[in-house]
Amino acid sequence: MTIRVRFAPSPTGHLHLGGARTALFNWLYARHHSGQFLLRIEDTDRARSTEESTAGILEALQWLHMDWDEPPLIQSTRYQAHVQAAHELVEKGGAYRCYCDAQTLEQMREDQRRRGEKPRYDRRCLDRPRPAGDQPFAIRFLTPREGVVEIEDLVKGPVQVHNDELDDLIILRSDGTPTYNFSVVMDDGFMGITHVIRGDDHLNNTFRQYHIYRALGFETPRFGHLPLIKGLSKRLGSASVQAYRDKGYLWEAVLNYIARLGWAHGDDEIFSQEELIAKFDLKGVAKSPAAFDEDKMTWLNQHYLKTLPEETVAERLLPVLAQREYPGVAQDGRLLALVRALRERARTLIDMADSARFAYLPPEGYDPKATQKWIDKKTLENLAVITKNLEELEVFGPQEIESLIRQHAEEQGMNLGQVAQPIRICLTGSAVSPPLFDTMLIIGKEEVIQRLGDGIRKLAPAVEQH
RNA sequence: GGCGCGUUAGUCUAGCGGUUCAGGACGCCGGCCUCUCACGCCGGAAACACGGGUUCGAUUCCCGUACGCGCUACCA
């Protein structure tokens with residue numbers, strides 16, 4: 001039997017990391033078992049569902065490199081089938097019409113509560129003869145009251161509940177529209193879903209749905225309920241997948257991170273997509289909820305920034321650089337050199353793009369603290385000499401630059417830092433940059449000399465002050 | 001309230017009755033490396049919710065308590 005799983009988001013907002021994780025576990029389960037991963041857009045909440053959300057969710061899945069095997073099923077297209085099935089169920093005696101209105105229902109529940117009973121539909125309409133005229137009615141599923149439902153959950157293990165805890169839930173509203181619990185069962189059956197992997201919040205629904213599968217003549221799928229993620233709903237907007245993409249996270253890092261959120265494979269931390277497919281197993285899924293920790297995801301991002309092929313990182317960085325409108329940004333040798341210089345120093349692509357500024361633009365000012373610490377009359381004199389020596393350099397290569405600077409430091413009886421920092425400040429405006437010689441090479445000879453000259457000129461007045 | 005599920009350091013987790021007074025990772029603290037910042041390396045602080053059982057022996061099995069989450073709709 002081919003395993004068929006599905007991810008069934010409601011298109012009412014962005015795909016957040018919790019949803020992405022549910023999708024991922026389904027996708028991994030399918031890929032690991034050579035099964036099929038399907039999508040179902042649960043858009044039956046007409047008021048809140050939007051086309052944009054659907055597009056955004058699909059885009060987020062694609063960005064995370066999850067592919068699906070059939071065109072997504074749009075649940076609203078199944079409307080007729082759901083309605084018809086509900087009525088057929090009434091004919092077969094598996095469901096019944098309920099003419100109670102909201103007010104009598106509320107009254108009933110209130111009475112039950114007052115008597116200390118659990119609120120539950122009392123089936124007053126079960127045997128009621130069909131009233132004359134065309135009174136509106138809902139359709140209720142006739143849930144067995146005897147016995148227990150036991151489900152062997154793939155994550156939780158055996159879970160059970162007594163049938164008398166379950167209510168006769170409404171499957172078709174009085175306005176003629178099917179409800180969630182009914183539509184889910186109908187479509188999972190229709191799609192031939194063999195394994196339902198979803199959030200823990202549906203665990204209790206499972207017992208209700210179980211009976212519906214049987215009444216509809218479907219084989220019940222296996223279930224696996226994933227623990228929820230703590231601390232995500234509060235910041236739902238910022239936790240959307242594309243929000244992290246826009247914050248400069250690589251999809252490899254996000255995927256790796258959410259995979260580890262509630263799932264483990266021994267002590268392993270780093271997983272490529274292929275490794276995840278090979279090693280994923282629902283047995284490794286934790287039973288308890290996990291909290292989202294952006295620091296750890298950032299650490300993973302840094303890991304991928306410094307281990308992915310430099311061409312790959314360059315490709316990802318390019319559009320971010322372009323956004324900043326740095327002049328002369330291109331997929332060239334300079335970009336590659338930048339990636340090499342910056343990848344171990346950046347946590348995100350945004351960090352990297354910020355730090356890359358020096359390669360394209362001269363400093364727009366000089367960090368006062370750094371200037372205070374490193375620039376004085378003597379260093380300005382040294383800078384003038386170094387500038388002159390650099391100008392005379394025949395070959396502006398790594399060895400040549402380094403020996404020139406080191407030699408200068410030695411002659412002046414200074415350590416490298418005392419020489420390097422003032423140069424760094426002139427070139428970048430800051431006391432922080434990649435290694436000085438790399439920085440100089442990236443900037444290029446002419447521009448280095450230009451910036452040194454500018455620096456000496458602009459910093460001189462400040463030195464006169466003290 | 002009822003029902004369901006859960007509970008190892010700040011966080012993610014390993015553990016599947018006995019050299020584990022609990023291992024890895026993020027974060028944190030200290031050190032080394034060093035032209036800055038990082039990276040890297042070395043070291044450190046930090047956890048089995050509580051109470052009963054079962055057992056020769058429980059983090060591990062069972063039962064309670066506490067706490068947390070979920071469901072309890074003509075929401076999905």
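Bear in mind the structure is a predicted one, so any value in this text is a computation, not a measurement. Below, all heavy atoms of this structure are taken into account, side chains as well, without hydrogens, waters or symmetry copies. Proteins come first, then strands; the chains are lettered A, B, ... in the order of their sequence lines, and each starts at number 1.
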ask   = Think A/R78 forms a cation-pi with A/F190, using NZ or CZ under 6.0 Å from the six-ring centre and within 45 degrees of its axis?
value = yes
inquiry  = Keeping A/N26 on the side-chain end and A/T22 on the backbone end, is there a donor-acceptor pair under 3.5 Å?
reply    = yes
task = List for me each residue that meets side-chain contact (heavy atoms from CB on, under 4.5 Å) alongside A/S433, sequence neighbours excluded, and say none if there are none.
result = A/R424, A/T428, A/T439
ask   = So does A/R345 reach the base of B/C37 with its side chain, donor to acceptor, closer than 3.5 Å?
value = yes
inquiry  = Return a single string for nucleotides 60-76 of chain B, one symbol per nucleotide in 5' to 3' order, where B is base contact, S is sugar-phosphate-only contact and - is none, cutoff 4.0 angstrom on heavy atoms.
reply    = ---------SBSS-BSB
inquiry  = Less than 3.5 Å apart, any donor N or O on the side chain of A/E294 or A/Y249 sitting next to an acceptor on the other?
reply    = yes
Is there any protein nitrogen or oxygen under 3.5 Å from a nitrogen or oxygen in nucleotides 28-33 of chain B, and what are the pairs?
none

Side-chain atoms of residues 142-151 of chain A: list all donor-acceptor pairs with protein atoms under 3.5 Å, sequence neighbours left out, distances to 0.1 Å.
| residue | atom | partner | partner atom | Å |
| --- | --- | --- | --- | --- |
| A/T143 | OG1 | A/D167 | O | 3.0 |
| A/R145 | NH2 | A/Y121 | O | 3.2 |
| A/E150 | OE1 | A/Q160 | NE2 | 2.8 |

inquiry  = So that I know where these two stand, are A/Y257 and A/F292 an aromatic pair - ring centroids less than 6.0 Å apart?
reply    = yes
task = For A/P434, report the nucleic acid contact type (base, sugar-phosphate, nothing); a contact means any heavy atom under 4.0 Å.
result = base
key: Any side-chain heavy-atom pair of A/Q418 and A/T379 under 4.5 Å   = no
query = Does the distance from a Lys or Arg side-chain N to an Asp or Glu carboxylate O, for A/R124 and A/D122, drop under 4.0 Å?
reply = yes
query = Tell me: CG of A/N415 to P of B/U36, nearest whole Å?
reply = 9 Å
query = A/R424 CZ to B/A38 C1': how many Å, rounded?
reply = 11 Å
Taking N or O atoms only and anything under 3.5 Å, show me the protein contacts with nucleotides 24-27 of chain B, one pair per line.
| residue | atom | partner | partner atom | Å |
| --- | --- | --- | --- | --- |
| B/G24 | N2 | A/E269 | OE2 | 2.8 |
| B/A25 | O4' | A/E269 | OE2 | 3.3 |
| B/A25 | N3 | A/K296 | NZ | 3.2 |
| B/C26 | OP1 | A/W299 | NE1 | 3.4 |
| B/C26 | O2' | A/K296 | N | 3.3 |

request  = Quick one: list whatever passes ring-ring contact (aromatic ring centres under 6.0 Å, His included) with A/Y213, sequence neighbours left out.
outcome  = none
message = Classify the ring geometry of A/F182 against A/H82: parallel below 30°, tilted from 30° to 60°, perpendicular beyond 60°.
response = perpendicular
